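Data first, discussion second: the structure below is written as structure tokens.
As the structure lists them, so they are numbered: ligands from 1, and atoms in each ligand from 1. From a predicted model like this one, the values you see are computed outputs, not experimental measurements.
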Amino acid sequence: STSTQVKEISIIPLPNSIVETSSAFVLPEKCTIGVTDKSLIPAADYLVSILSKSTGYQFSVTEGKGDINLSLADSGKEGSYSFVSTKNSVSISGSSYAGVIYGIETLRQLLPSGIESKEVVSNMEWAIPAVEIKDSPRFGWRGLMLDVSRHFYDKDEVKELLDLMALYKMNKFHWHLTDDQGWRVEIKKYPLLTEKGAWRKYNSHDKTCLELAKKNDNTDYLIPEEKIRIVEGDTLYGGFYTQDDIKEIVSYAQVRGIDVIPEIDMPGHMLAAVSNYDGVSCFKTTGWGTTFSSPVCPGKESALEFCKNVYSEIIPLFPYKYIHIGGDEVEKTNWKKCPDCQKRIREKNLKSEEELQSWFIHEMEAFFNSQGKDMIGWDEILEGGLSKTATVMWWRTWAKDAPMKTTSQGNHIIFTPNSQFYLDYEQDIKSLPNIYNYDPSAEFEQQPELINQVLGVQGNIWCEWIPSRERMQYMAAPRMLAIAELGWSDPKQKDWDGFKNRLSDQFERLNVMNVNYRIPDLEGFYKTNVFIGEGEVKISCMDPS
Ligand code: NAG
């Protein structure tokens, strides 16, 4: 095997331990993938889908021994896997289905970047070094949130993002499905939510985007034509997912080891709902309003029923533990004026509108629990009292006491502080190191053991000013790679320079995948077709010379 060229090992997120031995595994032209368990067949098929397009080789999946073997180990931390490659075979053993997927992603990154090509790359020897890798994630939650309300992303665009998440072993896709600017999921009981609520006139965000497109001569700020409709002379923007679309995405994610967490944001950010149905808001509204964060009315039974009916259709579509209620930024002016809200406050002995918000959240949480689900909410759900089982998603960096407050009550928390993890914010020289060097345990100096209540980290892609797939990818990558590594790798092995080097290798891969990532403003990075990083010429394997 001495003449076999192997790629330098360069994996994001950095595995816990890698031991290199001296030979190489070369993918055979007729390659068998062996599984020890029927439940791993979707993982094997997924592996075939990764390997077959670029190699053009023949693959078969079999129960029993193969050239590449997938198996389940009896023990190990959730998500852990071991990876052993020799001259003759590759063995991936995961503590769970997801662990096997992570081993597959490691195999993928050990192969030359050309493996990502959608067309056959000829005259290639597809080789990986012989290694032994032992690996497991630091946190169980390595998430990404996509806001499909402010601007809509269709099924293929969402799948592309899921592919990218899978490549970096991210495992929670938080789908922000509704907001003031658009309702994106079919609810059979309330058809107007999508018939009307999924289509809006151009708003101020769209106008800003148009201006940015002109000013920067950048078409990534333009709304794709297929998301525009002319109805009765009005230019409408939007789109939505049918329940079948949702099922399709959920199973696409499931194959890749990704859980999907839906969010129907309430009681605030409900303009798309309250403008289309009566009895949901405090006062009658006439069509699309203009107010920010139009809340539902927690004083009216009809509003509560509406919210529960919506979630009754949502819950069966997502076979996972968590439901995200939202709960952020509730504008409470109407609640102060609304007789029904004030009546509820009196009857339930609540002290304020804040407590009314938490009463509403607890009502919904009890409903989720009755359906066997646990609730996540933005950190505003801390105000007015947290129930025992709620998980807090901390976003307001300025609400500094949220991590201690949440965890010292015994509740779980997910970190998405906006100063580091908001991927809609512009990128500069600091944004990557700010994520990479972020230390979640620094929030718990007085009680270090509370770090155990942290489920993990997540990047949020809010899309007010992100109207296209290209712009979305540009904002997400490379920051999501830093989030993936922060969430996965052992903090003792943190190495910023090492990360930067590995990042440059990933850019080569992302080039092949046609991902519109952003070149960071860091020394050694600049845009070129043949990628050059850190002063060293890296010839893409797509262009051997
Ligand atoms: C917050 C809002 C969100 C908005 C984003 C923009 C949360 C939980 N709420 O104001 O609707 O899109 O910032 O960065 O983030």
With atoms numbered from 1 as shown, which atoms in ligand 1 lie under 4.0 angstrom from a non-hydrogen atom of [X]?
{"X": "E464", "value": "4 (C), 6 (C), 12 (O)"}
{"X": "Y425", "value": "14 (O)"}
{"X": "D328", "value": "2 (C), 7 (C), 8 (C), 9 (N)"}

| task | Fit a plane to each ring of F444 and F415, take the angle between them on a 0 to 90° scale, and name the class: parallel (under 30°), tilted (30 to 60°) or perpendicular (over 60°). | result | tilted
| message | Regarding atom 15 (O) of ligand 1: of the candidates Y422, W465, W378, which has the closest heavy atom? | response | Y422
| query | Are the side chain of H176 and the backbone of N460 linked by a donor-acceptor contact shorter than 3.5 Å? | reply | no
| query | Is there a donor-acceptor pair under 3.5 Å between the side chain of D428 and the backbone N or O of S431? | reply | yes
| field | Counterpart residues, ring-ring contact (aromatic ring centres under 6.0 Å, His included), relative to Y438 (two or more places apart) | value | F421
| said: Would you say the rings of H151 and W465 are close, in the sense that their centroids are separated by under 6.0 Å? | reply: no
| said: I'd like to check whether D424 has a polar contact with ligand 1, where a contact means an N/O of the residue lying under 3.5 Å from an N/O of the ligand. | reply: yes
| said: Taking a cutoff of less than 4.0 Å between a non-hydrogen atom of the residue and any ligand atom, is M393 in contact with ligand 1? | reply: no
| Is there a heavy atom in R396 that sits closer than 4.0 Å to ligand 1? | no
| message | Show me the pairs that pass side chain to side chain donor-acceptor pair (under 3.5 Å) and involve residues 222-236, at least two apart or across chains. | response | E157-K227
